Colleague: 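Input: one structure, supplied below.
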There are 2 protein chains.
Amino acid sequence: MTTQREIARRAKTSLKTVSRVINRDPLVNAKTRARIEAIVAELGYEPSQAARMMRSQRSNIIGFLADQVATSASSIDLVRGAQDAAWECGKQMMLFNIERGTPSQDLADAQLAAFRAEAVVYAAVYHQPVELPPSAVPRVLLNCFDPGGGQHAIVPDDYQLAATLMDEVLDRGYRRPAFLNLNRAIVASGLRAAGITDAARNRGLDMTGRIHEVVVGREHHGQPQFIADRIVPELMSVSPESRPDVLICGQDILAMDVYFVLSELRLKVGQHVAVASFDNREPIASLLKPGLSTMELPYYEMGRAAMLAAINPPPAPETVRLPGKFIERGSLQPFHTLATHRTGSNPNA
Amino acid sequence: MTTQREIARRAKTSLKTVSRVINRDPLVNAKTRARIEAIVAELGYEPSQAARMMRSQRSNIIGFLADQVATSASSIDLVRGAQDAAWECGKQMMLFNIERGTPSQDLADAQLAAFRAEAVVYAAVYHQPVELPPSAVPRVLLNCFDPGGGQHAIVPDDYQLAATLMDEVLDRGYRRPAFLNLNRAIVASGLRAAGITDAARNRGLDMTGRIHEVVVGREHHGQPQFIADRIVPELMSVSPESRPDVLICGQDILAMDVYFVLSELRLKVGQHVAVASFDNREPIASLLKPGLSTMELPYYEMGRAAMLAAINPPPAPETVRLPGKFIERGSLQPFHTLATHRTGSNPNA
DNA sequence: TCTGTTTTTGACAACGTGAGACAATCATGG
DNA sequence: CCATGATTGTCTCACGTTGTCAAAAACAGA
């Protein structure tokens with residue numbers, strides 16, 4: 001492998017001058033610099049990171065511990081955002097897929113220690129509390145938080161997401177929303193229920209009795225369990241004038257399930273009832289017919305924010321909540337376009 | 001940061017003896033070893049990779065260039081497989097998300113050179129030919145191949161995948177399959193058509209006129225374009241006795257689209273027509289109702305194989321085709337369970 | 001106790017880079 | 001020719017680890 005010594009030999013100059021050129025020391029004659037740079041380019045020389053790490057005592061490496069994240073498609077954007085941010089800061093991100101509590105975590109920690117990582121981002125697969133053993137290096141929690149609040153954390157602002165979505169729903173004239181919520185054990189569940197309830201109350205609508213827990217569990221390594229096939233038919237079995245005019249789903253894959261249930265009931269999304277959701281999980285959201293109007297979770301921005309916080313640790317740990325944005329598609333048109341509204345007909349009759 | 005020197009100082013021994021203990025050199029007195037190991041554990045010492053890389057002139061690092069892979073959920077398993085294999089071999093994998101032709105590729109190459117990566121895995125987002133500039137280190141192509149054949153490559157065996165799926169279809173008694181193929185520009189398209197055609201011919205079935213190109217393009221950064229809403233109604237508009245009894249889709253998201261089109265036609269998957277597909281893309285495949293029977297692409301195994309080949313380069317470059325496996329769900333039941341077969345009724349009538 | 005052998009330990013150098021101290025060389029202007 | 005400043009070179013050390021080789025210690029046999 002090429003070294004500065006080799007470059008110096010070829011350029012018939014000294015090691016020190018080569019070092020000056022590499023490190024952009026201005027005290028070098030333009031012609032000499034050009035000659036050396038030409039040789040550097042010709043040989044494709046890159047200074048050895050190992051040697052630099054040794055010399056400078058800085059690794060420029062940030063670890064990214066992805067706790068089961070890689071098994072979940074939605075959170076790739078966490079990785080992408082972090083990767084891009086690290087890149088922009090001239091840092092190197094080292095990714096590890098781990099499972100909390102298994103040896104993989106210890107192995108990853110050992111590797112990161114061996115590389116003298118300067119900080120670590122710990123990412124969870126969904127917004128949840130985690131308790132981790134203390135860390136020797138600065139740590140940022142991503143999509144999770146320390147119940148004690150002692151760790152800097154980046155999470156989605158589930159309250160804002162829900163409130164924003166509710167505003168969009170109400171703006172379009174809907175007045176009988178049903179919220180098909182996640183399992184109540186999930187952090188997002190309570191936050192979203194609050195956001196939806198508050199946003200509704202601000203507009204004079206009471207959500208009491210309109211929130212239903214439809215995701216009943218999270219199988220290990222599997223899909224969540226939905227009971228939309230039990231709840232939705234019940235909700236929709238009353239007259240078109242009093243049944244829900246919009247179903248707000250806790251996640252896109254639940255919305256997909258709801259589409260199928262509605263199809264069984266011969267109810268068309270966008271014609272007989274509107275649907276809105278959370279996640280903007282592609283390709284599902286845009287492939288559903290009609291396309292699913294949904295709140296996009298700010299995964300990419302969260303990944304960025306976590307990496308930036310890892311690189312420049314904040315003075316005091318804090319929980320940063322990032323807002324999501326509404327993605328409009330066909331499933332949530334203005335209320336007056338619903339067939340049930342236009343005609344008053346009951347397609348079940 | 002703790003060093004061996006520090007350990008030696010505390011253990012009142014020499015640097016070299018500490019080094020021997022760290023490297024499990026048997027030529028160390030048991031008592032000395034125990035004393036040193038106690039201090040190592042107490043201080044949580046990990047040998048510096050940077051120094052080891054310097055000393056040994058080996059980085060133990062394998063680069064993984066993911067060309068737009070991170071934007072596609074399906075290929076996370078490529079990354080997971082590679083990561084796990086690297087791990088098992090005591091290697092460190094360095095992941096880069098790049099886009100071919102953009103500066104990101106050069107930056108990633110520079111970084112890998114700086115870290116003196118021993119080999120590189122180059123992964124594409126779908127099975128395709130790629131031509132890359134020559135590389136200074138061994139390179140393995142993953143989910144892509146060099147048209148000149150000069151590079152070791154790991155790809156899915158699309159011919160086998162299709163032939164296996166066709167066998168499963170025929171085993172269940174179907175005799176009027178329609179294959180809704182990918183865009184013909186995609187490599188997999190031709191391979192699968194051949195696999196399906198050959199497997200059918202082996203069982204006395206001629207596929208002429210039964211293969212339709214339904215995926216018409218691949219938008220940049222977007223979803224493919226389907227024309228299932230044009231083709232499927234046409235195919236299904238003839239009598240139940242002569243129309244297709246099974247629709248084999250080129251990918252799961254197309255299958256999802258087909259489900260919706262069939263629903264529009266008031267045809268139920270599994271009752272009026274069977275569906276089979278390629279990808280086993282979760283959560284779609286298991287959330288569709290009924291669940292989608294589909295050929296799983298061996299992404300995890302491909303990632304593993306690529307990493308292993310990068311770590312132990314084969315004597316001569318070769319294109320390795322890995323088989324997929326059939327995942328059975330409700331969309332492809334035995335033919336005799338179809339309602340059209342049992343009753344002969346035409347639900348369109 | 002002495003000699004010879006084996007076991008255990010230690011001194012030193014080197015990997016590639018970067019920095020400081022300082023000397024040597026060169027070009028330019030007066 | 002000298003003064004000045006710009007440029008380049010020499011030399012040294014340090015980062016943490018490990019291979020080479022030699023020294024020291026422990027042990028066995030006489």
Side-chain angles (χ1 to χ4, degrees), chain A residues 1-37 39-40 43-61 90 92 110-118 136, chain B residues 1-37 39-40 43-61 90 92 110-118 136:
Chain A
M1 191 53 67
T2 344
T3 67
Q4 290 185 7
R5 175 166 284 111
E6 167 76 5
I7 312 261
R9 204 178 54 73
R10 296 211 188 202
K12 298 201 201 319
T13 176
S14 75
L15 199 52
K16 180 68 189 182
T17 303
V18 174
S19 169
R20 279 195 258 255
V21 170
I22 301 289
N23 294 284
R24 312 222 185 291
D25 188 325
L27 303 176
V28 185
N29 182 285
K31 265 206 311 232
T32 314
R33 153 163 292 134
R35 181 160 46 103
I36 292 177
E37 279 176 346
I39 297 178
V40 165
L43 299 184
Y45 167 79
E46 282 287 336
S48 154
Q49 273 299 322
R52 285 190 151 171
M53 282 158 69
M54 278 272 281
R55 177 70 178 93
S56 67
Q57 296 293 89
R58 315 197 53 211
S59 68
N60 266 339
I61 289 177
Q92 189 51 50
Q111 288 276 338
L112 287 172
F115 276 98
R116 304 291 187 260
E118 295 169 0
Chain B
M1 190 54 67
T2 351
T3 68
Q4 290 185 6
R5 175 165 282 112
E6 167 76 6
I7 313 254
R9 202 178 55 73
R10 296 208 187 201
K12 299 204 198 320
T13 175
S14 77
L15 202 51
K16 182 63 201 183
T17 302
V18 174
S19 169
R20 277 193 261 258
V21 170
I22 301 291
N23 293 284
R24 313 216 187 293
D25 188 324
L27 305 176
V28 185
N29 181 285
K31 264 201 322 224
T32 315
R33 151 162 296 131
R35 182 160 44 104
I36 292 177
E37 279 176 345
I39 298 177
V40 166
L43 300 183
Y45 166 79
E46 280 288 335
S48 154
Q49 274 299 322
R52 285 186 153 171
M53 282 158 68
M54 276 276 278
R55 181 64 238 250
S56 68
Q57 298 291 89
R58 315 197 52 212
S59 67
N60 266 338
I61 289 177
Q92 189 51 49
Q111 288 274 341
L112 287 172
F115 275 97
R116 306 290 187 259
E118 295 170 0

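A, B, ... follow the sequence lines: proteins, then strands. Residue 1 opens every chain. Here the structure is a predicted model, which is why all the values come from computation and not from measurement.
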Colleague: Nearest nucleotide by nearest heavy atom, which residue falls closer to the 5' end of DNA chain C, Thr32(B) or Glu46(A)?
Modeller: Thr32(B)

Colleague: For Leu43(A) and Glu6(A), work out which heavy atoms get closest and say how close.
Modeller: CD1-CG, 4.2 Å

Colleague: Starting at CZ of Arg33(A) and ending at P of dA6(D), how long is that distance when rounded to a whole Å?
Modeller: 15 Å

Colleague: Where the side chain of Thr2(A) meets the backbone of Tyr45(A), is there a donor-acceptor pair that is under 3.5 Å apart?
Modeller: no

Colleague: Could you check how far CG of Leu15(B) sits from P of dC21(D), rounded to whole Å?
Modeller: 19 Å

Colleague: What are the 5'-most and 3'-most nucleotides of DNA chain C lying under 4.0 Å from any heavy atom of chain B?
Modeller: dT8(C) to dG16(C)

Colleague: I'd like to check Thr17(A) versus Ile36(A) (side-chain heavy atoms, cut-off strictly below 4.5 Å). Are they in contact?
Modeller: yes

Colleague: Indicate yes or no for a side-chain donor-acceptor contact from Arg20(B) to the backbone of Leu27(B) under 3.5 Å, with no hydrogens or angles considered.
Modeller: no

Colleague: Give a yes or no answer on whether the side chain of Glu118(A) reaches the backbone of Asn60(A) with a donor-acceptor pair at less than 3.5 Å.
Modeller: yes

Colleague: Without decimals, in angstroms, what is the distance between Asp25(A) CG and dA6(D) P?
Modeller: 14 Å

Colleague: Can you give me the N/O atom pairs linking the protein to nucleotides 14-16 of chain D at distances under 3.5 Å, or say none if there are none?
Modeller:
{"unit_1": "dC15(D)", "atom_1": "O3'", "unit_2": "Gln57(A)", "atom_2": "OE1", "d": "3.1"}
{"unit_1": "dC15(D)", "atom_1": "O3'", "unit_2": "Gln57(A)", "atom_2": "NE2", "d": "3.3"}
{"unit_1": "dC15(D)", "atom_1": "O2", "unit_2": "Arg55(A)", "atom_2": "N", "d": "3.4"}
{"unit_1": "dG16(D)", "atom_1": "OP1", "unit_2": "Gln57(A)", "atom_2": "NE2", "d": "3.1"}

Colleague: Between atom CG in Leu27(B) and atom P in dA24(D), what is the gap in whole Å?
Modeller: 19 Å

Colleague: Sub-3.5 Å donor-acceptor pair from the side chain of Ser56(A) to the main-chain atoms of Arg52(A), do we have one?
Modeller: yes

Colleague: Does Asp25(B) offer a backbone N or O that forms a donor-acceptor pair with the side chain of Asn23(B) under 3.5 Å?
Modeller: no

